[in-house]
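What follows is a set of notes on a single structure, which appears directly below.
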Amino acid sequence: MGTDKASFLVVANRLPVDRVELPDGSVSWRTSPGGLVTALEPVMRAHEGAWVGWHGAPDEELEPFEEGGILLVPVPLSEGEIAEYYEGFSNATLWPLYHDVVAPPEFHREWWDAYVKVNRRFAERAAAVADEGATVWVQDYQLQLVPQMLREARPDLKIGFFLHIPFPPTELFQQLPWRTEIIKGLLGADLIGFQVPGGAQNFVRLVRQRLKMETSRDRVTLPNGRVATARAYPISIDAKAFNELARRPDVQARSAEIRADLGNPKTLFLGVDRLDYTKGIKQRIRAFGELVAEGRIDPEETVFLQVATPSRERVDQYKLLRDEIDQLVGRINGDLGTIGNPPITYLHASFPREEMAAMYAAADVMVVTPLRDGMNLVAKEYVACRDGNNGALVLSEFTGAAKEMRQAYQVNPYDINGLKASMELALRDAASNKARRMRALRKTVFERDINRWASSFLNDLDEVGRARDGAV
Ligand code: ADQ
């Protein structure tokens, strides 16, 4: 990589690598297999790309290093900053506020101060690494001030921002004591991407109402004449790769083994989530429990497998949720199970992609019931793995994915009776109906994959950036 400057940069809270210790005791890094990394890898390679982010350990300064053709630029975070910037402001203020306040957001001035300080550090690192005229793509709610900070330091850059979580209705956003600073932070970008058109519209409306700036459809004209554009780019997955994974003989064999281990039920319901209060896990488990209790589902024939990845375990709301789900599952299994036949199998663990694909391939009904979700990739992963056009997707209308996945069995997860009815329909619907729905869903997921997401954002960024420079 001859130079320590890059012409394409991603700035995200986390670097896309995890530290691994090798048998000889030396330390190495392994790329974490997220969709974002896969999608951006070709762009990274073609442009001598760099990724700026925290490497995952507190109180540690690391020099930039190269891994898999990408220059990784670690940003240090102290123990206190992790508590205040990450667990605090990002995950206990912004996360609940942006997800319809399904948990009460906490507002603390010290958390905000840490958020500003850490955002500045990310912006400084990015400014130091970016080549003249480089493209910088800032990711997500942890770094909403970075676009403006970067713009001030480096007006030559093309700056894009993508928000992976919902942008809230203006009435909720207004609760934030630092609402003006956040909007101004985002407006530092040339292109601000959201998961759904409603998010972009909410943002533009806020700019007009609060900052009295001139707006026209998806464009905002700042007082200095610069234009920032706000548009929707629904994120997706590498559908082809998921499909191929699910078809692999070893994954198929594992899929059969999972069903056998669950007692070869006639029907397997599946839930897969990060353990988060936005995901509606309690609602779906309660609905399933009631269906069993009322005799509408026979637990001898039908079982529910729920897997939840441990997440944000030091944030209070997440500890509480974990206990509540443990209790709920325990109560249902205690009341309704028989020896060797618990209606619900619950695993609090993270699994490799192969295992996820095997579970998706095994499941007859996938239940995705968030109370609010920016997109929800699990719904798309399930569909990508249903090679035989069988299976059914129950999907909350409050996910970004619901906007594209119209043929899912859509539900309002707050309406437990409605949810029960839809779960039952997904179980009993005619095979021909399920196949028709699944075919349509698969078409959408394969056409609009992660590569299309990345290239449409980056093409638009290029275009709005060139328009700014007066080149078009
Ligand atoms: P998340 O809230 O994390 O993402 P989601 O989009 O569903 O939600 O992605 C979860 C990912 O984690 C999926 O790829 C899934 O396979 C994986 N996963 C879940 N449980 C797992 C387990 N037990 N073991 C291993 N892997 C597991 C945020 C937003 C979403 C948005 C994405 C991408 O909240 O709305 O879709 O970013 O923008």
Side-chain angles (χ1 to χ4, degrees), residues 10 12-14 16 18 32-40 90-91 94-100 102 137-143 161-168 193-196 198-199 232-239 241-242 245-246 258 270-281 305-313 318 321-322 325 345-361 363 366-385 393 395-396 398-405 445 448-450 453-454 457:
V10 169
N13 175 58
R14 272 293 261 123
D18 290 313
S32 28
L36 191 60
V37 194
T38 321
L40 296 179
S90 297
N91 288 329
L94 293 173
W95 180 269
L97 183 70
Y98 282 30
H99 286 89
D100 281 359
V102 295
W137 194 359
V138 182
Q139 308 286 326
D140 227 357
Y141 63 104
Q142 302 92 349
L143 301 177
F161 178 90
F162 185 75
L163 185 70
H164 290 256
I165 68 175
F167 190 80
F194 298 86
Q195 298 278 25
V196 293
Y233 299 87
I235 201 168
S236 192
I237 57 163
D238 186 344
F242 255 100
L245 192 57
I258 291 170
L270 176 66
V272 169
D273 313 79
R274 248 183 339 93
L275 188 63
D276 196 294
Y277 51 79
T278 59
K279 300 290 183 186
I281 303 172
L305 172 61
Q306 173 67 51
V307 301
T309 326
S311 180
R312 305 177 191 168
E313 292 182 292
Y318 289 78
L321 174 73
R322 183 170 177 197
I325 292 179
T345 296
Y346 169 54
L347 306 173
H348 181 243
S350 186
F351 297 96
R353 285 177 109 57
E354 287 78 5
E355 183 75 358
M356 301 291 291
M359 287 192 239
Y360 292 139
M366 182 80 212
V367 194
V368 181
T369 53
L371 304 174
R372 182 58 73 190
D373 212 334
M375 179 52 57
N376 195 286
L377 297 180
V378 165
K380 294 186 172 180
E381 290 168 3
Y382 174 69
V383 165
C385 291
L393 173 66
L395 179 63
S396 162
F398 304 127
T399 60
K403 304 268 177 297
E404 298 170 272
M405 303 179 87
V445 170
R448 305 188 196 167
D449 68 357
I450 184 82
W453 171 78
F457 185 95

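One-based numbering, in listed order, for ligands and for the atoms of each.
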Practice prompt. Go through ligand 1 atom by atom and flag the ones less than 4.0 Å from a non-hydrogen atom of I235.
Written response: 33 (C), 38 (O)

Response to the item:
To the nearest 0.5 Å, atom CG of D449 lies from atom CD1 of I237 at 8.5 Å

Worksheet item: Do T278 and D100 come within less than 4.5 Å of each other through their side chains, counting heavy atoms only?
Response: no

Worksheet item: Just which atoms of ligand 1 are under 4.0 Å from any heavy atom in V272?
Response: 19 (C), 20 (N)

Discussion item. If you take the nearest heavy atom of each of F351, Y141, F242, which one is closest to atom 25 (C) of ligand 1?
Written reply: F351

Fill in: Any non-hydrogen protein atom less than 4.0 Å away from atom 22 (C) of ligand 1
yes

Discussion item. I need the nearest protein heavy-atom contact for atom 17 (C) of ligand 1: residue, atom name and distance, please.
Written reply: M356 CE, 4.4 Å

Worksheet entry | L321 and L275, any side-chain heavy atoms less than 4.5 Å apart | yes

Practice prompt. Check whether any side-chain heavy atom of H99 sits under 4.5 Å from a side-chain heavy atom of L371, and report yes or no.
Written response: no

Worksheet item: Counting heavy atoms only, which of V378, T399, I450 is nearest atom 10 (C) of ligand 1?
Response: V378

Item to complete: Mind checking side-chain hydrogen bond (donor to acceptor under 3.5 Å, both in side chains) for Y233 and listing every partner two or more places apart, or none if nothing turns up?
Response: D460

Fill in: Sub-3.5 Å N/O-N/O distance, A349 and ligand 1
yes

Response to the item:
The protein heavy atom nearest to atom 38 (O) of ligand 1 is H164 ND1, 2.7 Å

Item to complete: Of the side chain and backbone of R353, name the one, both, or neither that has a heavy atom under 4.0 Å from an atom of ligand 1.
Response: neither

Practice prompt. Taking the side chain as every heavy atom from C-beta outward, state whether M375 and E404 have any pair of such atoms under 4.5 Å apart.
Written response: yes

Discussion item. When you compare ligand 1 with G374, is there at least one nitrogen or oxygen pair between them that comes in under 3.5 angstrom?
Written reply: yes

Item to complete: Specify side chain, backbone, both or neither for D273, according to which of its non-hydrogen atoms lie closer than 4.0 Å to ligand 1.
Response: backbone

Worksheet item: Hey, are the side chains of V368 and L393 touching, using non-hydrogen atoms and a 4.5 Å cut-off?
Response: yes

Discussion item. With the threshold set strictly below 4.0 angstrom, can you tell me whether any protein non-hydrogen atom sits that near atom 28 (C) of ligand 1?
Written reply: no

Fill in: Residue pair Q195 / D373, side-chain heavy-atom distance below 4.5 Å
no

Worksheet item: Numbering the atoms of ligand 1 from 1, which are under 4.0 Å from a heavy atom of R274?
Response: 1 (P), 2 (O), 3 (O)

Practice prompt. May I ask you to check if ligand 1 and T309 share an N or O to N or O distance below 3.5 Å?
Written response: yes

Fill in: Reference residue Y141; test ring pair (Phe, Tyr, Trp, His ring centres under 6.0 Å); the match among F161, W95, F162
W95

Worksheet item: Of E313, R312, R274, which meets side chain to side chain donor-acceptor pair (under 3.5 Å) against Y318?
Response: R312

Item to complete: Please indicate, with yes or no, if any protein heavy atom is found under 4.0 Å from atom 2 (O) of ligand 1?
Response: yes

Worksheet, complete the sentence: Ranked by distance from atom 35 (O) of ligand 1, the top protein heavy atom is D373 OD1, 2.5 Å

Discussion item. Heavy atoms only, cut-off 4.0 Å: how does Y360 contact ligand 1, side chain, backbone, both, or neither?
Written reply: side chain

Worksheet item: Is the closest side-chain heavy-atom distance between D140 and L163 below 4.5 Å?
Response: yes

Discussion item. Suppose we screen for side-chain hydrogen bond (donor to acceptor under 3.5 Å, both in side chains). Which residues come up paired with Q142, at least two apart in sequence or across chains?
Written reply: none

Worksheet item: Atoms of ligand 1 less than 4.0 Å from Q195 heavy atoms?
Response: 31 (C), 38 (O)

Worksheet entry | Polar proximity ligand 1 side, L377 side, N/O cut 3.5 Å exclusive | yes

Worksheet item: Is there a nitrogen or oxygen of M375 sitting under 3.5 Å from a nitrogen or oxygen of ligand 1?
Response: yes

Practice prompt. For ligand 1, note which part of W95 has a heavy atom under 4.0 Å away: side chain, backbone, both or neither.
Written response: side chain

Worksheet entry | Heavy-atom side-chain proximity of F351 to V272 below 4.5 angstrom | no

Worksheet item: How far is atom 13 (C) of ligand 1 from its nearest protein heavy atom, and which residue and atom name does that atom have?
Response: E381 OE2, 3.3 Å

Practice prompt. Measure the distance from atom 8 (O) of ligand 1 to every protein heavy atom, then report the residue, atom name and distance (to 0.1 Å) of the closest one.
Written response: K279 NZ, 3.1 Å

Worksheet item: How many angstroms lie between OG1 in T369 and CD1 in I281, if you round to the nearest 0.5 Å?
Response: 8.0 Å

Worksheet item: Are E355 and ligand 1 in contact, using a heavy-atom cut-off of under 4.0 Å?
Response: no

